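Data first, discussion second: the structure below is written as structure tokens.
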Amino acid sequence: MVLENINKTGDIKKVSSSQYDILAREIRQFLIEKVSKTGGHLASNLGVVELTMALHLVFNLPEDKIIWDVGHQSYVHKILTGRKEGFDELRQFGGMSGFPKRNESASDAFNTGHSSTSISAGLGLVQARDLLGQSHSVVSVIGDGSLTGGMAYEAMNNAARLKTNFIIVLNDNEMSISRNIGGVSKHLSDIRTASSYTNLKNQVTKQLEQVPGIGKKMIKRISKTKSSLKQLLVSEMLFENMGLTYLGPVSGHDIHELKHMFNLAKRVQGPVVVHVVTKKGKGYFPAEQNPSAYHGVSSFDIETGCPKKKKTMPSWTDVFSRKLCQLARTDDKIVAITAAMPQGTGLDSFQRKFPNRFFDVGIAEEHAVTFAAGLAAGGLKPVFAVYSSFLQRGYDQLVHDIGLQHLPVVFAIDRAGLVGSDGETHQGIFDLSFLSTIPEMIVCAPKNQYELEDMLEYAFKQDGPVAIRYPRGNTWQGLKEYRQPIETGKSEIIVHDRDILLLAVGSMVETAMKVRENLVKEGYHASVVNVRFVNPFNYECLRAMLCTHPLVVTMEENIYTGGYGEKVASFIGRVGVETIVLPFAIPDVYVEHGDVNTLKEFIGLDVNHLTQAILDVVPFIQFDQENIKIKTDA
Ligand SMILES: Cc1ncc(C[n+]2csc(CCOP(=O)(O)OP(=O)(O)O)c2C)c(N)n1
């Protein structure tokens, strides 16, 4: 076992070159075994085994800096930097993160999670190095998928003027999560084709040299045309035209070739792109066959490749996907946009059914928002299906291109709330805050799958923007019979009682119902309201309920600041009643990785903690007040 001897950063340099292939095989075996138990990002890591080994052989970490774009492919780097043991608790609460973390290792130069940031961060590290008179190497590793994100071009544009060394490794596996699309992907494909064409010419040249007496003239002619062939097939080299030196393409599974290229790249004065061609999922047949399915996996059986947990309930994504297709069948103005996540957002079935009305724009959320605005201005009814945390990218576009023009775009915001094992960068806990600052934006959250269907139908009938946020995972099947029509800004009273008012947003209605059950068992009265709309805020309902409820409790899967609870507290402050408000939200901190239920327990957003927190307060509240007086002009 060669891997046995890799226990800290730099150990790989002691491995003899004849053992590189053995080590690569052992690393793949290790990854498959560990990820099959914990879940995680498999296919991308299997693809970068040799690439990562070569980087660690050529560069000296932690002095030299490697920035992993997105960071989901940093597992091999973690193995080579003394973190093998961490894989037993990969992505679990208190365990090792699935992404690079500066506080986890000195070899993690920069935290990542969202795509297309590595070149900007790398350039910053390069400028800092130069100004501080240091001389280490800085390497940004970016995938072809992440190269569809605009930030990468902003950074390359900026890097072009650099006179010192900065290495960008382009890991081209032709895949984003799904197959990569668009002009940049086509350009890379042209480069690969041109390269195999010139390689073929090289082989022909060699063979011709073997033939005695003939071929000399032909060989000369081939050599002359070889460089122009590349130019012919790749009409313009994007990187070189931008002022970056281009090296490659090189096979990403040939460690010796990779080492050679990285050593070459080190000598370039200025920014240099090393184009590396890899195979996503390499070494594990099911992942090679279907890399999208093995991009991010839950625990699975190694023999069959099948997930261990079977799906029993429809997920929120499934419900959105089905309902959207149903609506689109009768309304041909409905069009759908994804930023490189057709499967994750459930738009893949829309894509199959309505290919002309489906747009995958690449990992380009900012563009997706303004593109949707354009589609709406042109008379269509666009829906942008996007994960909550990735929509953070499009904030200015939401304010400037959508809100200001009151354009009817539907935002289907998936993974809103705690998402779990991907951790801080992926928790969807800011959207209620940032969306409800946009004056024209209707922001709503369904309690169950039926309400998601109704909200989607409602959203396409509006003449302005509507955001519907729903969580990761399975839908709740409760309260099927509560299906009151959706009216802008109107909440739904589910239990009308007195004393304790439980105001719950979306997924927290289920929790509120269980908390109420516990409170009733303890002899208290409690009402439950399904808030439905965080924006516009339902003042009427709250004002009416305040008269009989001296304790108001809010529940939401969003940070407190700018969230629903803060709005309620501020309203109650304005109406001047002595009502106590308990706003339960995610504390204003970044929430790390872990199973969602464990995280909820940790931050006190589960049924038991909420019940107890309310019971701790009730002895101090006078529940028998006759009609609480409130200022009606507030
Ligand atoms: C801003 C943003 N949008 C979407 C994602 C989700 N995402 C994670 S990895 C990935 C594909 C990245 O493709 P590539 O860079 O080629 O890496 P590969 O997985 O192919 O190695 C996507 C879309 C993200 N991390 N960040």
Side-chain angles (χ1 to χ4, degrees), residues 31 40-52 67-77 98-100 111-121 140-152 154 168-182 184-185 188-189 252-253 275-282 287-288 290-297 337-345 347-348 360-369 384-395 397 413-415 419 421-428 430 472:
L31 284 171
H41 288 98
L42 185 63
S44 312
N45 282 291
L46 291 173
V48 296
V49 174
E50 291 85 0
L51 164 57
T52 312
I67 303 111
W68 299 95
D69 205 285
V70 182
H72 63 309
Q73 79 295 53
S74 61
Y75 295 6
V76 186
H77 164 79
F99 293 88
N111 291 13
T112 45
H114 287 196
S115 94
S116 320
T117 63
S118 65
I119 306 180
S120 301
S140 296
V141 183
I142 184 165
D144 57 311
S146 299
L147 203 66
T148 57
M151 242 181 117
E154 295 172 30
I168 299 164
V169 174
L170 168 57
N171 171 26
D172 178 8
N173 55 21
E174 299 178 59
M175 298 289 295
S176 196
I177 292 180
S178 311
R179 185 147 285 279
N180 204 6
I181 39 83
V184 175
S185 167
L188 297 178
S189 157
H253 303 297
H275 184 178
V276 178
V277 179
T278 61
K279 185 168 181 57
K280 200 161 176 168
K282 188 167 171 66
E288 283 191 17
N290 190 355
S292 302
Y294 288 83
H295 178 85
V297 287
I337 305 159
T338 178
M341 318 268 308
Q343 274 109 351
T345 57
L347 283 186
D348 48 348
D360 182 346
V361 299
I363 311 179
E365 290 80 4
E366 310 94 304
H367 159 63
V369 175
F384 177 28
V386 57
Y387 289 9
S388 166
S389 79
F390 303 144
L391 185 60
Q392 289 162 200
R393 284 270 163 102
Y395 184 66
Q397 289 76 3
I413 306 178
D414 202 326
R415 288 4 179 226
V419 298
S421 359
D422 280 338
E424 293 93 324
T425 51
H426 286 60
Q427 312 286 15
F430 302 101
R472 175 169 183 252

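When reading the values below, keep in mind they use all heavy atoms of this one structure, side chains included, and skip hydrogens, waters and symmetry mates. Not measured: the values here are computed from a predicted model. First listed ligand is number 1; within each ligand, the first listed atom is number 1.
Atoms CD1 and CG, from Ile119 and Leu147 in turn, are 6.0 Å apart once rounded to the nearest 0.5 Å. From Thr338, atom OG1 reaches atom CD of Gln343 across 9.5 Å, with rounding to the nearest 0.5 Å.
Residues forming a side-chain contact (heavy atoms from CB on, under 4.5 Å) with Glu288 (at least two apart in sequence, or on another chain): Lys279, Lys282. For Ser146, the side-chain contact (heavy atoms from CB on, under 4.5 Å) criterion is met by Asp69, Val70, Ser115, Ser116, Ile142, Ile363, not counting sequence neighbours. By the side-chain hydrogen bond (donor to acceptor under 3.5 Å, both in side chains) test, Glu365 is found to be paired with no residue, residues two or more places apart in sequence or in another chain being considered.
Taking each heavy atom of Lys280 and Ile177 in turn, the nearest pair found is NZ-CA, 4.2 Å.
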Between ligand 1 and the protein, which N/O pairs are shorter than 3.5 Å?
residue  : atom   : partner : partner atom : Å
ligand 1 : 3 (N)  : Glu365  : OE2          : 2.7
ligand 1 : 15 (O) : Ser146  : N            : 2.9
ligand 1 : 15 (O) : Ser146  : OG           : 2.7
ligand 1 : 16 (O) : Asp144  : N            : 3.4
ligand 1 : 16 (O) : Asp144  : OD1          : 3.2
ligand 1 : 16 (O) : Gly145  : N            : 2.7
ligand 1 : 16 (O) : Met175  : O            : 2.9
ligand 1 : 19 (O) : Ser44   : OG           : 2.9
ligand 1 : 19 (O) : His72   : NE2          : 2.7
ligand 1 : 19 (O) : Lys280  : NZ           : 2.8
ligand 1 : 20 (O) : Asn173  : OD1          : 3.2
ligand 1 : 20 (O) : Asn173  : ND2          : 2.9
ligand 1 : 20 (O) : Met175  : O            : 2.9
ligand 1 : 20 (O) : Lys280  : NZ           : 3.1
ligand 1 : 21 (O) : Asn173  : ND2          : 3.3
ligand 1 : 25 (N) : Gly113  : O            : 3.0
ligand 1 : 26 (N) : Ser115  : N            : 2.9

